[in-house]
Structures are given as structure tokens and as C-alpha cells.
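I have placed the structure first, in the form of C-alpha cells, so that the comments after it can refer back to it.
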Number of protein chains: 2
Amino acid sequence: MLPPLLSPLSDGPLGNEREVDTRNEKPSGDSYHANGPSDSEVWSEPRRPRLSFSDTVHSADYYMQEAKRLKHKADALMDKFGKAVNYADGALSFIDCGNAMERDPLEAKSPYTMYSETVELIRYAMRLKNFASHSATVAEKKLAVLCNRCLSLLYLRMFHLKKDHAVKYSRSLMEYFKNSAKTSHQAPSPWRTNGNPSPASSVGGGAGGGSGGAPGSSGSVAIPQRIHHMAASHVNITNNILRSYEHWETADRLASDSQEFFQELDSAMEPLSQQSSMTELVRYIRQGLHWLRSEAHLL
Amino acid sequence: MLPPLLSPLSDGPLGNEREVDTRNEKPSGDSYHANGPSDSEVWSEPRRPRLSFSDTVHSADYYMQEAKRLKHKADALMDKFGKAVNYADGALSFIDCGNAMERDPLEAKSPYTMYSETVELIRYAMRLKNFASHSATVAEKKLAVLCNRCLSLLYLRMFHLKKDHAVKYSRSLMEYFKNSAKTSHQAPSPWRTNGNPSPASSVGGGAGGGSGGAPGSSGSVAIPQRIHHMAASHVNITNNILRSYEHWETADRLASDSQEFFQELDSAMEPLSQQSSMTELVRYIRQGLHWLRSEAHLL
């Protein structure tokens, strides 16, 4: 039974951590360790220390304990940059945990919830200071890039976990809006007012765009409960993909200030893409955070 | 001023083509031509003839004429497979045309409309025969893979062209559903019936999932016109991304029957990804269609 990682309503990651027993936490040394320039990959000359990652797969609980250890480390820090780096590191273990939960489902929590709470943790870390602002240091911007990549692929994964529902709702909703457009042209309901075509209809995107209800943006339309529920769920699920693209683009924009750093990271780890697995994401970001730490002398 | 490529309501690509003047059509020879085994790329041994593509950029009108030429060729054919291959080839020139329209906008038609009509043309070609069925030949399944990749990246491009609207609508709709959930818990409107929680709410995907309106799936909810319009537009735009994933997965599934063919195509052309440009898409599919033709002795 896993305690909630971070309630979206709590005012910070200290929120639900009081009851955690840290005595039986396992060491993290075996999952990855620093590697000097004795790196064996010959196709690039590593100027920064490479981590080597073990392929040992652990239980969700293992990663949860590891994540809490890193999060508590962050909670205890004062320096905002070091704190954010450690929260991001903790978030990676929460992602490992969600990934393990996808392999071995737990009753206590769904992978979707684990990922969405991890999103909250990363957002919290990024709110400590505006690491993406013009006044931010190069190191802070690099951290912002790594966090945005994380958020983008987390939102994408969350979208995929609910995609089948979205497809089902999308079909029903498109059918409903098509019919409601027809009927509204035949017999306007008392809830509708007539007026000029709504701007929405001009950006509807193909057949039936913005065609729900009669033209005019005042007045109201009576829709079935079922449709209202579906629309709410559909908006929530598809919001994940929109957020994913938003954070991907933000990361691309910020990365242009540190091209050399991210080129070396790409050649060390395989560049991230929207097809990257959660494991590839965790390793890429963890390597990046390790370099950020060593450059900021936080090791 | 471009005539519509294909009205979704017409019963086939012959629909709007009667008025087309084919006399001043330009030859296609200069845009790509077949290459023998004298292919210079040493990193793979080409067993199939490679096309070499010129980087010359033409006007939207050039590609439109080229597309019509290929489409008329298809219209004239009897054999369903050869017909579908030629419609697919024509679709590629319509994609080139849409891509040129993105560079140099035309008043007559938006790139979005050009791409969505191209989707209709490919769908028409795929309805000629069920090329994806179990009884389909290997060549027919290869064609189905190429068409599904095309549809997937066309839908993705269409989504990107409208993404900013979707983001705007998504924000407003999430805000609306959040508030409507609050108010519905405080003061149920006369349009709502009480009952058990709707199944939708359990799959809402994070905060506010399926929370629009009161629980219960009967009865109706009065929503503002503005929201009704936005929801219709939002569903239409996000439907593109859902379709894109659907066709991508279908292509992956069907491609497993012709691994060797697609491995050679990938090594000849760079594998397609969701980051591929419209130009990369056109070249990849065109090379694939060329191989299909040569294997079916349609050259």
C-alpha cells in the first residue's frame, strides 16, 4: 500500500511524507554509478563523466523508497537550484515506480495517478524559482530543459494510457455534434438564440467544425448528461497531449542556449523523442542532472 | 484559383475533375527518376531500384497539375490494385501541393483543406478493395501500410495546423467543466437528475475528469452556446491526433507481414517518424510505391 506521493492540493512535497519510515530504504548505488573518462564507447570522446545504468529491474516499492529518499534529500536543502535538481532526481524514481506499476499493477494506485503526481512534483520544483527566465543562469536553463522534456513525455504517456477512452468519446461526441448541428438547422431549440456565425466554427478543423448548436454565442444549449460527462473526460484526456507538445516546444526553445551540452547528452544517451520509453527518459534526464551537479559542484 | 480536389460528398475522385485542362501539364520526369543498382550508397546493398529525388521546389500549382495527371491516370485504370497505387501516388503530389501552400499561402484553399481532401482521396483508394484483410495479397498489405503511414502523418500535420486553437479551447473548456462541477455539487440545476456516478468520471484522466455536470447519465444540462461551439471545434481538432495514432498503429501491425520490404525501405529512405516532414513522407511513400509497382510489373 503506497502513500500518496503528493496531493495536488497540498502546498508542497513535504505534504504527505511524515509517516515514511526511512530505516529500511535500500541503497541506490547498484542502479547506476559514475563512470570516468575510461568510458568504453569509442564513437564519442566523453568530456563529461558518464553514468552507467544497470538493467536490473526492481519492484515499484523499491523505486518508491528510492524516490522518497531523494525527495527527503531535496526537502532538507536550502539552495533552490540544488533543491530543484534533487526533486527532479526524485521525480525520475517516481517515474521508474510508475513504469514498474505498468508491469505489475498495484491496487493502491494507478500508473496514471503516479505519473500525474510526478508531474505535480516537477511543477513544484520548477516553481521554486523561474529557471526559464531571461535572468536565469545557463545551469538553471539546462535544468528547465530537462524538466520540460520530463513533463512532455510524462503527459504523452498519460495520454497513451487513456487514449482508448478518448477515441471512444471522440466518436460519440463527433456523432452528437453532427446531429445537433442538423437538428439546430431544422428546428432551433428554445435554448438557442439566433445570431451571427460563431468564430469557433471557422476554426473547427474540417467537417462539422464548431457546428454544435445554432450560430450565435449567447444563450444556452441543453445537452444530455451523458454527452456533458463525455466532453469533460475527453477534454481532460486530450489536454495531456496538448501539454506534451507545449513542454516539448519549450524545451527545444530553451535548449538552444546550451546546444553543446545537449549535443553531448544526445550523443551519450540517444536523443529523446516522442517514441522514447520511460526508461530511456529516466536515464537521459538522470545523466543530464549528473552533469548539472558536477558543473555546479553539487556532487 | 484551384478547383476542389475532391468533395467529401462526391462519390469518387472523378467527381470534380471534368473541367481540368490536361494540355498544359508539366512532365514529372524532372522531380524524380529511377536509379539502377549503380546506387552509390555503400552502407546497404540495394536489391530494389532506388529513386533519386531532386531538391527543386515547385509552385503549389505545379504539384496540383502533377497530382491531377496522376489521378486521371488512376481514374482510367480498371485493375483495383494499380488504380489504388496511382491514387496514392496522386495523393503524394497533393501533399506536395499542401506543403507548397504552407510556404506560399493561396487564397483559394488552406493547406488544412488540401490535406483533409487528400485524406479523403487516400480513403477512397483504400475502399476500392480491402487491402488490409486477411485474404489480401502481400503486395496489397504493403500498399495498406504505405497508405496508413500517409494518413497518420497527414492527420498529425492537420492537428499541428490547428493546435493553437485546441490549446485555447482546452483551457476554456477545462475551466468551464471545473466550475460546472463545483456549482452542480452546490446547487443542482433543474436540468440535472441525480443518480449513481457516471462511468465516464472514473476514466476522466486526472483532476476534474468527467466531473462536468451532476452524476447520473440521464437528463440534460444547459451549457452556454459559446462552450457548445468550443467543444465541437475541440473534438474536431483533437480527433486528428487520435486518428493519427490509430493509423500509425495499423501500419505497424500490417508491416510485420513484410518486414524485409520495410527494413530495406527504412535503410533506403530513413525510417518515418512522427517528426518526419511532409517532404520526407512523400519521398518515403513514393519510393515504396515504386517498388510495389516494379514487383507487380506495373512499370
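Here is how names work: the chains are called A, B, and so on, in the same order as the sequence lines, proteins then strands, and each is numbered from 1.
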**OP:** Compare all side-chain heavy atoms of B/F159 with those of A/L242 and state whether any distance is below 4.5 angstrom.
**Re:** yes
Subject >> A/H228 vs B/S180 side-chain heavy atoms within contact, under 4.5 Å >> reply: yes
**OP:** Let me see the working for A/T238 and B/H234 under side chain to side chain contact (heavy atoms under 4.5 Å, CB included), right down to the final yes or no.
**Re:** CA-CA 9 Å; A/T238 54; B/H234 180 268; 3.1 Å; yes
**OP:** For B/S170 and A/N239, work out which heavy atoms get closest and say how close.
**Re:** OG-OD1, 3.5 Å
Subject >> Contact class of A/Q275 relative to chain B, heavy atoms under 4.5 angstrom >> reply: side chain
Subject >> A/R243 portion near chain B, given a 4.5 angstrom heavy-atom threshold >> reply: neither
Original post:
Which residue out of B/I223, B/L173, B/V235 racks up the most heavy-atom pairs below 4.5 Å with chain A?
Top reply: B/I223
**OP:** First locate atom OH of B/Y245, then atom CD1 of A/I241, and finally report the distance between them rounded to the nearest 0.5 Å.
**Re:** 3.5 Å
**OP:** Flag the pair B/K163 and A/E249 as a salt bridge only when some basic side-chain nitrogen lies within less than 4.0 angstrom of an acidic carboxylate oxygen.
**Re:** yes
